[in-house]
Amino acid sequence: MMPLIEEELDAAYKVYRLYKAGEKAAIEAALSTIRAVITGGGAGLSNEWIERLPALGLIAINGVGTDKVDLDFARSRNIHVSTTPGVLTDDVADIGIALMLAVLRHLPQGDQFVRNGDWMQRKAFPLGTSPKGKRIGILGLGQIGKAVAKRAEAFGMNVHYWNRSLVSDTPWTAHPSPVELARNSDVLVVCVAANAETQNIVNVDVLTALGGNGVIVNVARGSVIDEDALLAALEKGVIAGAGLDVFVNEPAIRGGFFTAPHTVLMPHQGSATFETRMGMGALVLSNLKAYFAGDVPPTKVN
């Protein structure tokens, strides 16, 4: 986490850092006394580790993803699980819109075109696609999905969505399934929470419905897209392009993404701004303080 947050942790608690090899022996000796674990959404905490920590009462996730923590198992052992919602919503939504624009307007290719001297030689550069008047489909209308939708409206886009539960008081157009949403979208932005129910929710059928002029953007988790189907769809022109911030097994992502046409890739930077990372860290500290005071962590999710 941010250095200032790490300093506050050290000032208030005895902290062991699992990623430091030199602390392994000390951690093994302290297993029975460790009461809280801080982790990231991508790392989580396995059931095996939970079982090794008999005094554990809080898993504080520095992020919003809970797919790498077994919430039911944690609940069965009376362990709080907290996240850092809200503070990262805007930055993740911004990355979603940035990826959409990068794909539609060929931003990475344009940068390389200029650097290679092609513009100077007056070579032709392909026309982009305007988002104005296009349909944007939001797959998962939670906080981040709503933030993406509001930004898209500013670009003159028509908002459609699918959500696992009913969403009330919204002017946007709902669809009964991910396939129907994709069929009615020019850009499909994936914001759905990752869990067993949503694994590979974007499959061959969804990509086919999106069609040859459609673009997909993923700011959720890599696991919600069938990557075999996505890579095949990109190679065969089943869809027009993709903007991806998340992948399965990141950072060791599949080599096919390096050569996939019409793609823009980012190294999971959705929440990666100074302001948001400080806000996330402050929420982690708040959850720790509440737990050690005997109170319920304020952003507990289980």
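All of these numbers come straight from a predicted model, not from anything done at the bench. FYI, the numbering just counts along the sequence from 1.
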For the pair [X] and [Y], find out whether any cationic side-chain nitrogen is under 4.0 Å from an anionic carboxylate oxygen.
| X | Y | value |
| --- | --- | --- |
| D90 | R151 | yes |
| R77 | E51 | no |
| R183 | E180 | yes |
| K289 | E8 | no |

So, [X] versus [Y]: side-chain donor-acceptor pair below 3.5 Å or not?
| X | Y | value |
| --- | --- | --- |
| D226 | N203 | no |
| S271 | D91 | no |
| R105 | T129 | no |

Worksheet, complete the sentence: Across all chains, not counting sequence neighbours, the ring pair (Phe, Tyr, Trp, His ring centres under 6.0 Å) partners of Y291 are none

Worksheet entry | Listed partners of N78 passing side-chain contact (heavy atoms from CB on, under 4.5 Å), at least two apart |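 With neighbours one apart ignored, the set is empty.
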
Practice prompt. For P298, enumerate each residue passing the side-chain contact (heavy atoms from CB on, under 4.5 Å) test, keeping only those at least two apart in sequence or located in another chain.
Written response: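 Applying side-chain contact (heavy atoms from CB on, under 4.5 Å) to P298 gives S286, N287, A290.
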
Fill in: Check against side chain to side chain contact (heavy atoms under 4.5 Å, CB included), E153 and W172
CA-CA 10 Å; E153 285 186 313; W172 304 318; 2.9 Å; yes

Response to the item:
For I34, the other hydrophobic cluster members (4.5 Å side-chain criterion, sorted by chain and number) are Y16, L18, I27, L31, V37, L45, W49, I50, L53, L56, I59, I61, V69, L71, F73, I79, V81, V301

Fill in: Residues N200, S223; criterion side chain to side chain contact (heavy atoms under 4.5 Å, CB included); working and verdict
CA-CA 6 Å; N200 290 341; S223 63; 6.0 Å; no

Item to complete: Give the intermediate values and the outcome of side chain to side chain contact (heavy atoms under 4.5 Å, CB included) for residues M280 and I5.
Response: CA-CA 9 Å; M280 291 166 64; I5 302 299; over 6 Å; no

Practice prompt. State which residue, out of R135, H160, K134, fulfils the side-chain hydrogen bond (donor to acceptor under 3.5 Å, both in side chains) condition with D186.
Written response: R135

Discussion item. Taking T276's backbone N and O only, do any of them form a donor-acceptor pair with T273's side chain (distance below 3.5 Å, no angle check)?
Written reply: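 Yes: the side chain of T273 pairs with the backbone of T276.
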
Practice prompt. Take Y161 and T170, measure what side chain to side chain contact (heavy atoms under 4.5 Å, CB included) needs, and give me the verdict at the end.
Written response: CA-CA 10 Å; Y161 73 92; T170 173; 3.5 Å; yes

Fill in: Sequence neighbours excluded - side-chain hydrogen bond (donor to acceptor under 3.5 Å, both in side chains) pairs with any residue from residues 235-252
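Every side-chain hydrogen bond (donor to acceptor under 3.5 Å, both in side chains) pair that includes a residue of residues 235-252, provided the two are not neighbours, is E250-H268.
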
Return all side-chain donor-acceptor pairs below 3.5 angstrom for residues 251-264, not counting sequence neighbours, or 'none' if the list is empty.
{"unit_1": "R254", "atom_1": "NH1", "unit_2": "D228", "atom_2": "OD1", "d": "2.8"}
{"unit_1": "R254", "atom_1": "NH2", "unit_2": "D228", "atom_2": "OD1", "d": "2.6"}
{"unit_1": "T263", "atom_1": "OG1", "unit_2": "A260", "atom_2": "O", "d": "3.0"}

